[in-house]
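In this text, all values refer to a predicted model and were calculated from it rather than measured experimentally.
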Amino acid sequence: MCLALPGLLLEMRGDDPLTTVGRVSFNGIVREVSLGFLPEARIGDYVVVHAGIALSVVDAEEAARVFRELGLLGEAAS
């Protein structure tokens, strides 16, 4: 199963749109991701990331909804 998760874009690095990378926080876990497919992303945006690549921008409400539902799945599994 593949899962894409939203995360908060904290920092961006790089001048070339194809090689720009960002530091993204997934509920406190920070990872570096490629922003090559998402040149419109800006610091403070929530971006949906799959396999280390940011694919789309979502609003904060949508990101919170995804994490709520993932939390419910975790509770159901325990």
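Taking Ile, Leu, Val, Met, Phe, Trp and Tyr as members and joining any whose side-chain heavy atoms lie under 4.5 Å apart, directly or through other members, Val21 forms no hydrophobic cluster with any other residue. Listed by chain and number, the hydrophobic cluster partners of Val58 are Leu8, Leu10, Val30, Tyr46, Val48, where partners are ILVMFWY side chains within reach of under 4.5 Å, directly or through others. Through direct or indirect side-chain contacts shorter than 4.5 Å among Ile, Leu, Val, Met, Phe, Trp and Tyr, Leu73 is connected to Leu3, Leu5, Leu9, Met12, Val24, Phe26, Val33, Leu35, Leu38, Ile43, Val47, Val49, Val57, Val66, Phe67, Leu70.
The salt bridge (Lys or Arg N to Asp or Glu O under 4.0 Å) pairs that include a residue from residues 43-54 number zero, where partners must be two or more places apart or lie in different chains.
Considering CZ of Phe37 and CG of Leu18, their distance stands at 8.5 Å, rounded to 0.5 Å. Separation of atoms CD (Glu40) and OG (Ser56) is listed at 9.0 Å; rounding is to 0.5 Å.
In terms of the side chain to side chain donor-acceptor pair (under 3.5 Å) criterion, residue partners of Arg13 (sequence neighbours excluded) are, by chain and number, Glu32. Applying the side chain to side chain donor-acceptor pair (under 3.5 Å) test to Glu69 and every residue at least two apart in sequence or in another chain returns Arg65. Applying the side chain to side chain contact (heavy atoms under 4.5 Å, CB included) test to Asp15 and every residue at least two apart in sequence or in another chain returns nothing.
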